[in-house]
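A quick write-up on the structure given underneath.
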Amino acid sequence: MIQSLEEINEEIKEKSIRVKIIELRSQGWTRKKISEQLLITIKKVRYWEKKFNTTGPLLSERQKEKRLLFAKHHLEKNTDWQKVVFSDETWFYLEGSCGKIWRQWGELEDSVFENLSKFSPKVMFFGGIAYDWISTLIKCPKRVNAESYRKCLVSKCGLFTGMDNLHGKKNWLLMQDGAPAHTAKTTITYLEKKCNILQNWPANSPDLNPIENLWGIMSRRLNEIDIKTVKNLEKVVREVWKNIDWLMIENLINSMERRLKLVVQLKGDCINGYL
């Protein structure tokens, strides 16, 4: 169903109000003052607060603190995110997307996460995206450890050659999360010979990684296709990856500054729903 111009404008207006509410609350405004300022009811203010506070991973105070420090550091440093490769592994399920897949705002529904059967046949892939580069999508072994991560994933996706050719040898950064296979001593030693690693990526922070949005977008597209077998699932996943719109990737990479500003506004809390 195609939205009318009026419906689109109303949706944009509503999203703006949501973001403004959380911004004012983080500044210490009362719900009553916000309702008067934005000309909405106090009940509506409470509704959007509750909605955003119940989406996304639960973060400890220590995790929020580290997220806040990370965001402030890179905003002050003015990090060039167009020279960063964002990498990750994810599962794709035969019956739909991954059990916990980060989705871009508006891609499916108000909920950022979708729960699906954990017993569905599945395939794990590894990939990486940058502003002007995308990796080969690599199928992961059943068990990803430090050795398989180095030999089967990172070394075979074209990462080092591709980014070195674009930006110069080691004149770029690799973003990876804190999974044990990524942070093992043997992995770090290997990577540091090949590239510079983005340091201090905060734990429990898929909302900061643009590729997580891309996984969600791909999952939605897969959900629209009638896939019968795991072999066919692998084939279709690769086709979807190859046909990703470059403008979409550029927009996701360029969203990093806004993500970090939101983290600061929310005092380190999860930014699900604000992108």
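One is the number of the first residue; the rest follow in order along the sequence.
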Taking only residues two or more places apart in sequence or in another chain, which ones pass side chain to side chain contact (heavy atoms under 4.5 Å, CB included) with Cys152?
Ser148
If a pair satisfies side-chain hydrogen bond (donor to acceptor under 3.5 Å, both in side chains) and one of its residues is in residues 230-241, list it, with sequence neighbours excluded.
Lys139-Glu234
Test side chain to side chain contact (heavy atoms under 4.5 Å, CB included), reference Val237, set Thr90, Val123, Leu222, output is Leu222
Under the ring-ring contact (aromatic ring centres under 6.0 Å, His included) definition, can you give me all pairs with a residue in residues 122-143, not counting sequence neighbours?
Phe126-Tyr149
For side-chain contact (heavy atoms from CB on, under 4.5 Å), just list the numbers for Leu159 and Lys194, CA-CA rounded to whole Å, side-chain angles, deciding distance to a tenth of an Å, and then say yes or no.
CA-CA 10 Å; Leu159 172 66; Lys194 302 280 189 177; over 6 Å; no
Partner residues of Lys64 under the side chain to side chain contact (heavy atoms under 4.5 Å, CB included) criterion, sequence neighbours left out:
Leu59, Glu61, Asp269
Lys242: partners by salt bridge (Lys or Arg N to Asp or Glu O under 4.0 Å), with sequence neighbours left out:
none
Taking every non-hydrogen atom, the tightest pair across Pro141 and Val144
O-CG2, 4.0 Å
Spatial distance of atom CZ (Arg67) from atom CH2 (Trp201) [nearest 0.5 Å]:
9.0 Å
How far does NZ of Lys122 sit from OH of Tyr93, to the nearest 0.5 angstrom?
4.0 Å
For residues Leu247 and Glu250, determine if any side-chain heavy atom of one lies less than 4.5 Å from a side-chain heavy atom of the other.
yes
The criterion is side chain to side chain contact (heavy atoms under 4.5 Å, CB included); which residues satisfy it with Lys170, sequence neighbours excluded?
Asn196
For Ser255, which of Glu257, Arg258, Arg259 qualifies under side-chain hydrogen bond (donor to acceptor under 3.5 Å, both in side chains)?
Arg259
Checking Glu36 now: which residues fulfil salt bridge (Lys or Arg N to Asp or Glu O under 4.0 Å) with it, not counting sequence neighbours?
none
side-chain contact (heavy atoms from CB on, under 4.5 Å) between Cys195 and Met163: does it pass, once the steps are laid out?
CA-CA 9 Å; Cys195 64; Met163 291 300 289; over 6 Å; no
The reported gap from CG in Leu153 to CD in Gln176 (rounded to nearest 0.5 angstrom) is 11.0 Å
So Phe92 and Met218, side-chain contact (heavy atoms from CB on, under 4.5 Å) or not? Walk me through it.
CA-CA 9 Å; Phe92 289 103; Met218 290 178 64; 4.0 Å; yes
Ignoring hydrogens and angles, write down the donor-acceptor pairs under 3.5 Å from the side chains of residues 182-192, residues two or more places apart or on other chains.
residue, atom, partner, partner atom, Å
His182, ND1, Asp177, O, 3.2
His182, ND1, Asp177, OD1, 2.8
His182, NE2, Glu89, OE1, 3.2
His182, NE2, Glu89, OE2, 2.8
Thr183, OG1, Ala179, O, 3.3
Thr186, OG1, Arg150, NH1, 2.9
Thr187, OG1, Ala181, O, 2.8
Thr189, OG1, Lys185, O, 2.9

List in chain and number order the residues that pass salt bridge (Lys or Arg N to Asp or Glu O under 4.0 Å) with Lys33, two or more places apart in sequence or in another chain; answer none if no residue qualifies.
none
Qualifying residues under side chain to side chain contact (heavy atoms under 4.5 Å, CB included), relative to Thr136, sequence neighbours excluded:
Ile138
Measure the OG-CD distance between Ser205 and Glu212 for me, rounded to the nearest 0.5 Å.
10.5 Å
Should Phe70 and Val263 count as side-chain neighbours, where that means a heavy-atom distance under 4.5 Å?
no
Donor-acceptor contact present, side-chain Thr161 to main-chain Gly158, <3.5 Å
no
Under 3.5 Å, is there a donor-acceptor pair between the side chain of Ser87 and the main chain of Met175?
yes
Tell me whether Lys83 forms a cation-pi arrangement with Trp172, defined as NZ or CZ under 6.0 Å from the six-membered ring centre and within 45 degrees of its axis.
no
Just verifying a value: how many Å separate Ile129 CD1 and Ile211 CD1, rounded to the nearest 0.5 Å?
5.0 Å
Closest contact, heavy atoms only, Ile249 versus Ala130:
CG2-O, 3.3 Å
Would you indicate whether the side-chain heavy atoms of Ser35 and Thr41 approach each other to under 4.5 Å?
no
Which side-chain N or O atoms in residues 73-81 pair as donor and acceptor under 3.5 Å with protein atoms at least two apart or in another chain?
residue, atom, partner, partner atom, Å
His74, ND1, Thr79, OG1, 2.6
Asp80, OD1, Gln82, N, 3.1

Sorted by chain and residue number, the salt bridge (Lys or Arg N to Asp or Glu O under 4.0 Å) partners of Asp245 (sequence neighbours excluded) come out as none
Of all heavy-atom pairs linking Lys151 and Ser155, the shortest is O-OG, 2.7 Å
Could you walk me through whether Phe86 and Val84 pass the side-chain contact (heavy atoms from CB on, under 4.5 Å) check?
CA-CA 6 Å; Phe86 295 88; Val84 177; 3.8 Å; yes
Do Ile271 and Leu208 come close enough that some side-chain heavy atom pair is under 4.5 Å?
yes
